[in-house]
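A quick write-up on the structure given underneath.
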Amino acid sequence: MNKETQIEHNKTSIIKYLMIFVGVSGCFSVLFGAWLAHAGQALSVNVQSTLKTALQYQLFHTLALLAALIWAITNLPIRKPSNILLAACAGFVIGIMFFSGGIYIKTFFSFPIVGKLTPFGGISLAVAWLLLSIEGKNNL
């Protein structure tokens, strides 16, 4: 397998794993949202509000990641997905994990040090959006 074919194969594998992440994150968003709406009512209003923010960001950015992956997949027959587009996808994953995941862990496990990851997650989400705009400027 030549180097270019190997790179293309690696990008296709990355897209596959990112799609798996979308499925798991979307499933978790639905199940956790249902739990929060019912069993989560026993939590304080402040905790509910914090968790709803994390859940909302997770769901919105999971959908953004799905849209970016569809964009990448539609580029496969024509040309390879760009590194910028894949970096945006990675930014969404990191952002979801650090922002929403950090809030979940901090809230449920009283592990406040993890809360320090939350701003990095937010920055990662913002950078992912900017990378999408760069990709649009460069390739649309």
Side-chain angles (χ1 to χ4, degrees):
M1 185 179 300
N2 67 29
K3 188 173 183 168
E4 187 173 313
T5 306
Q6 182 63 36
I7 291 170
E8 178 114 8
H9 176 70
N10 289 344
K11 286 184 178 184
T12 303
S13 294
I14 289 168
I15 291 170
K16 176 182 171 182
Y17 290 114
L18 290 170
M19 285 299 277
I20 291 168
F21 180 87
V22 165
V24 171
S25 183
C27 177
F28 179 84
S29 296
V30 170
L31 295 176
F32 185 69
W35 177 86
L36 190 57
H38 300 287
Q41 294 302 309
L43 300 171
S44 74
V45 173
N46 288 342
V47 170
Q48 286 181 45
S49 176
T50 299
L51 292 173
K52 285 179 182 176
T53 297
L55 179 63
Q56 183 180 36
Y57 271 68
Q58 180 180 357
L59 183 57
F60 288 160
H61 289 92
T62 297
L63 293 173
L65 175 58
L66 176 62
L69 287 170
I70 290 170
W71 188 356
I73 290 167
T74 58
N75 280 340
L76 282 175
I78 305 163
R79 62 186 190 288
K80 301 177 280 296
S82 78
N83 290 334
I84 293 173
L85 187 54
L86 292 178
C89 292
F92 284 129
V93 170
I94 292 166
I96 290 166
M97 292 174 66
F98 282 15
F99 184 83
S100 297
I103 291 172
Y104 297 144
I105 291 169
K106 178 183 168 189
T107 303
F108 285 118
F109 300 108
S110 299
F111 198 51
I113 192 111
V114 174
K116 297 199 183 291
L117 295 175
T118 304
F120 295 107
I123 291 167
S124 180
L125 293 171
V127 168
W129 284 107
L130 288 175
L131 289 171
L132 284 183
S133 70
I134 292 167
E135 178 68 11
K137 178 190 161 288
N138 291 343
N139 293 311
L140 287 181

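Both backbone and side-chain heavy atoms feed into the values below; hydrogens, waters and symmetry mates do not.
Taking each heavy atom of Leu18 and Leu65 in turn, the nearest pair found is O-CD2, 4.4 Å. Across Glu135 and Ser82, no two heavy atoms sit closer than the pair OE1-OG, 2.5 Å. Gln48 approaches Gln41 most closely through the heavy-atom pair NE2-O, 3.3 Å. Shortest non-hydrogen contact noted between Ala68 and Cys89 is CB-SG, 3.7 Å. A pairwise comparison of heavy atoms in Leu55 and Ser29 identifies CD1-O, 3.4 Å as the closest pair. Of all the heavy atoms in Gly26 and Thr62, the pair that sits closest is N-CG2, 3.8 Å.
When hydrophobic clusters are built by joining Ile, Leu, Val, Met, Phe, Trp and Tyr residues whose side-chain heavy atoms come closer than 4.5 Å, directly or via intermediates, Leu59 is not grouped with Met19. Residues Leu63 and Val22 fall into different hydrophobic clusters, defined by Ile, Leu, Val, Met, Phe, Trp and Tyr side chains chained together at heavy-atom separations under 4.5 Å. Both Phe98 and Phe111 belong to a common hydrophobic cluster when Ile, Leu, Val, Met, Phe, Trp and Tyr are linked at side-chain heavy-atom distances under 4.5 angstrom. In the hydrophobic clustering of this structure, Val47 groups with Ile105; members are Ile, Leu, Val, Met, Phe, Trp, Tyr whose side-chain heavy atoms approach within less than 4.5 Å, directly or through other members. Side-chain heavy atoms closer than 4.5 Å link hydrophobic residues (I, L, V, M, F, W, Y) into clusters, and following such links, possibly through other members, connects Phe109 to Leu36.
Residues passing the side chain to side chain donor-acceptor pair (under 3.5 Å) test with Trp35, sequence neighbours excluded: none. In this structure, the side chain to side chain contact (heavy atoms under 4.5 Å, CB included) partners of Ala54, at least two apart in sequence or on a different chain, are Ser100, Ile103, Tyr104.
Atom NZ of Lys106 sits about 8.5 Å away from atom NZ of Lys116, to the nearest 0.5 Å. Distance check: Leu85 CG to Asn138 CG gives 11.0 Å after rounding to the nearest 0.5 Å. Here the CG atom belonging to Leu69 is positioned 10.5 Å from the OG1 atom belonging to Thr74, to the nearest 0.5 angstrom. From Ile73, atom CD1 reaches atom CG of Leu66 across 8.0 Å, with rounding to the nearest 0.5 Å. Atoms OG1 and CG, from Thr107 and Leu51 in turn, are 4.5 Å apart once rounded to the nearest 0.5 Å.
Side-chain contact between Leu125 and Phe92 is present, with heavy atoms from C-beta onward closer than 4.5 Å. Between Phe32 and Gln58, every side-chain heavy-atom pair lies at or beyond the 4.5 Å cut-off. Trp129 has its side chain within reach of Leu132: a pair of non-hydrogen atoms, C-beta onward, lies under 4.5 Å apart. Annotation: side chain of Ile96 is in contact with side chain of Ser25 (closest heavy-atom distance under 4.5 Å).
For CZ of Phe21, the number of neighbouring non-hydrogen atoms (other residues, nucleotides, ligands) closer than 6.0 Å is greater than 12. For CZ of Phe108, the number of neighbouring non-hydrogen atoms (other residues, nucleotides, ligands) closer than 6.0 Å is greater than 12. Around NZ of Lys11, the count of heavy atoms belonging to other residues, nucleotides or ligands within 6.0 Å exceeds 12. Heavy atoms of other residues, nucleotides or ligands lying less than 6.0 angstrom from CD1 of Ile113 number 12 at most.
In terms of modelled atom types and a separation under 3.5 Å, the side chain of Ser49 and the main chain of Val45 share no donor-acceptor contact.
If you look at Tyr57 and Phe99, their ring centroids are closer than 6.0 Å.
Grouping Ile, Leu, Val, Met, Phe, Trp and Tyr by side-chain contacts under 4.5 Å, direct or through others, puts Leu131 with Ile84, Ile123, Val127, Ile134.
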